[in-house]
Amino acid sequence: MAPTTEDAVASIYTPLPHRYLFVPKGNAYVTGNCRKQTRDEGKKVYVVHNSKHQPMGIRVPLAIYESVLEKHEETQESRAKAVEKKDNKMKADFQNSIISQFPEIPERELTQIVEHATRKYSRRVGRTEKLDLADKAQLAVRAHIRHRHTGYDKMLADGASRDNARNKIYGKVDDVATKWGWKSKSGRRIKTSSAKIRSTAMRTRRKLVQPTTAPRRLDVDY
C-alpha cells in the first residue's frame, strides 16, 4: 500500500478502529515513530482531540505501537547518551561564547550563568533556537548581572514596573559587563551607551517572543 501523509481527526468519543490503540502525547519518540510507520504502511493516523479541540494523542495500529515500543526500549540507552553528548556540546559552545565576549568574567559567575541559562525544559534564553549563539550568551550574562549585581529585584519587589527598573539599572549592568571585558562579536572591546543597549535588548526580546505555532513567552529575564 502506498504511503500516506494525511491524518484524520477524531474526538475522544469516536469509537476506536479495529486493532487500533490510543497513544497519548508526551513521548516524542513513540508518537513520532508510530505516526511515521503508520503512514509508511499506507494506514490512517487518527489525531484525537478533546472537547476544546486540543490534540491529546494519536490512534495507530496496535502492531505498529508494539513494534515501536520494543525499539524504544532497545535504543533507550544509546539515545540517552546521544542527548547527553548533544547537551554537553551545546553548553560548551555557550560557555565559550560567553568567554569570547566577556574574557574577564569570574569563573564562579560563568558557571552559574551557563547552568542557569541552559537548564533543560526551562525555556530560558540558552535553549532558544531563535537567536544566534553570541546574542544568547550576551543576554544571559546581562540578565545575570541585572539580578545579582544591581538592585533590580528589590525595585520590582517595591512596586517599580519592569521597564522603569531596567531603565534605572542599565548603566550598572554596563559597568559590570565592561569590568568583565565585554567585547563585540568582532572581538573588539566595546563601550556602548545605555540607550543603545536598551534598543538592542528590546529588538532581541521581540525576536524571542514572536509566535511560531502558538504564542508563548520565553524567559529572557532570568
Side-chain angles (χ1 to χ4, degrees), residues 1-94 114-133 135-137 139-140 143 203-222:
M1 189 175 294
T4 180
T5 59
E6 294 185 4
D7 296 341
V9 176
S11 79
I12 56 176
Y13 306 108
T14 305
L16 272 169
H18 181 62
R19 300 291 293 173
Y20 266 65
L21 178 81
F22 173 69
V23 183
K25 292 172 58 178
N27 187 315
Y29 178 91
V30 173
T31 54
N33 281 280
C34 281
R35 187 190 298 269
K36 181 180 184 303
Q37 289 191 30
T38 301
R39 288 174 171 177
D40 288 348
E41 293 187 14
K43 297 178 180 178
K44 187 70 72 176
V45 175
Y46 296 88
V47 181
V48 181
H49 286 193
N50 61 18
S51 58
K52 296 182 179 180
H53 306 290
Q54 298 167 327
M56 300 174 59
I58 58 177
R59 291 173 174 176
V60 296
L62 175 61
I64 288 177
Y65 171 76
E66 291 176 341
S67 173
V68 169
L69 198 61
E70 183 178 352
K71 192 70 174 178
H72 174 268
E73 293 173 355
E74 290 175 357
T75 62
Q76 194 163 11
E77 184 176 349
S78 62
R79 285 185 291 109
K81 289 181 179 179
V83 169
E84 182 180 11
K85 182 178 179 180
K86 181 180 178 182
D87 280 348
N88 288 341
K89 182 181 184 306
M90 182 270 295
K91 291 174 73 171
D93 290 345
F94 191 77
V114 172
E115 291 301 321
H116 186 87
T118 63
R119 189 171 299 158
K120 293 191 73 169
Y121 313 118
S122 66
R123 291 165 54 185
R124 293 184 179 131
V125 67
R127 286 280 170 179
T128 183
E129 297 180 356
K130 297 178 182 294
L131 297 171
D132 66 33
L133 182 60
D135 286 343
K136 292 192 292 186
L139 272 177
R203 288 198 303 270
T204 305
R205 285 202 297 274
R206 282 196 293 268
K207 288 181 185 178
L208 281 171
V209 299
Q210 281 182 343
T212 51
T213 54
R216 69 177 187 177
R217 180 182 178 277
L218 288 173
D219 184 7
V220 298
D221 193 24
Y222 201 53

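Taking CZ of Arg19 as the start and CG of Leu62 as the end, the distance is 5.0 Å to the nearest 0.5 Å. A distance of 14.5 Å separates CZ of Arg124 from CG of Leu139, quoted to the nearest 0.5 Å. Here the CG atom belonging to Leu69 is positioned 8.5 Å from the CG atom belonging to Asn27, to the nearest 0.5 angstrom. To the nearest 0.5 Å, the span separating CZ on Arg127 from CZ on Arg119 amounts to 10.5 Å. How far OG1 of Thr38 is from CD1 of Ile58: 6.5 Å, rounded to the nearest 0.5 Å.
With sequence neighbours left out, the side chain to side chain donor-acceptor pair (under 3.5 Å) criterion links Lys120 to Asp87. For Glu115, the side chain to side chain donor-acceptor pair (under 3.5 Å) partners are Lys91, not counting sequence neighbours. Contacts of Lys85 classified as salt bridge (charged side-chain N to carboxylate O under 4.0 Å, His left out), with partners at least two apart in sequence or in another chain: none. When the ring-ring contact (aromatic ring centres under 6.0 Å, His included) test is applied to His49, no partner is found at least two apart in sequence or on another chain. Shown here are the salt bridge (charged side-chain N to carboxylate O under 4.0 Å, His left out) partners of Glu77, two or more places apart in sequence or in another chain: Lys81. Listed by chain and number, the residues in a side chain to side chain donor-acceptor pair (under 3.5 Å) with Lys36 are Asp40 (sequence neighbours excluded). For Glu66, there are no salt bridge (charged side-chain N to carboxylate O under 4.0 Å, His left out) partners two or more places apart in sequence or in a different chain. Under the rule for a salt bridge (charged side-chain N to carboxylate O under 4.0 Å, His left out), the partners of Asp7 that lie at least two apart in sequence or sit in another chain are Arg35, Arg39. In this structure, the side chain to side chain contact (heavy atoms under 4.5 Å, CB included) partners of Glu6, at least two apart in sequence or on a different chain, are Thr4. For Ile12, the side chain to side chain contact (heavy atoms under 4.5 Å, CB included) partners at least two apart in sequence or on another chain are Val48, Met56.
With contacts defined as side-chain heavy-atom distances shorter than 4.5 Å, the pair Lys89/Lys86 does not qualify. Side-chain contact between Arg59 and Thr14 is present, with at least one heavy-atom pair separated by less than 4.5 Å.
Closest heavy-atom contact between Phe94 and Ala140: CZ-CB, 3.6 Å. Annotation for Pro55 and Lys25: closest pair O-CD, 3.2 Å, computed over non-hydrogen atoms. Smallest separation of non-hydrogen atoms from Val125 and Lys136: O-CD, 3.2 Å. Closest of all the heavy-atom pairs between Asp135 and Leu131 is CB-CB, 4.3 Å. Nearest heavy-atom pair across Thr31 and Pro24 is CG2-O, 3.6 Å.
Residue pairs satisfying the ring pair (Phe, Tyr, Trp, His ring centres under 6.0 Å) criterion with at least one member in residues 6-25, sequence neighbours excluded, are listed as follows: Tyr20-Tyr46. Listed by first and then second residue, the ring pair (Phe, Tyr, Trp, His ring centres under 6.0 Å) pairs that reach into residues 51-85 are Tyr29-His72, sequence neighbours excluded.
Listed for the Thr118 side chain is a donor-acceptor partner under 3.5 Å among the backbone atoms of Val114.
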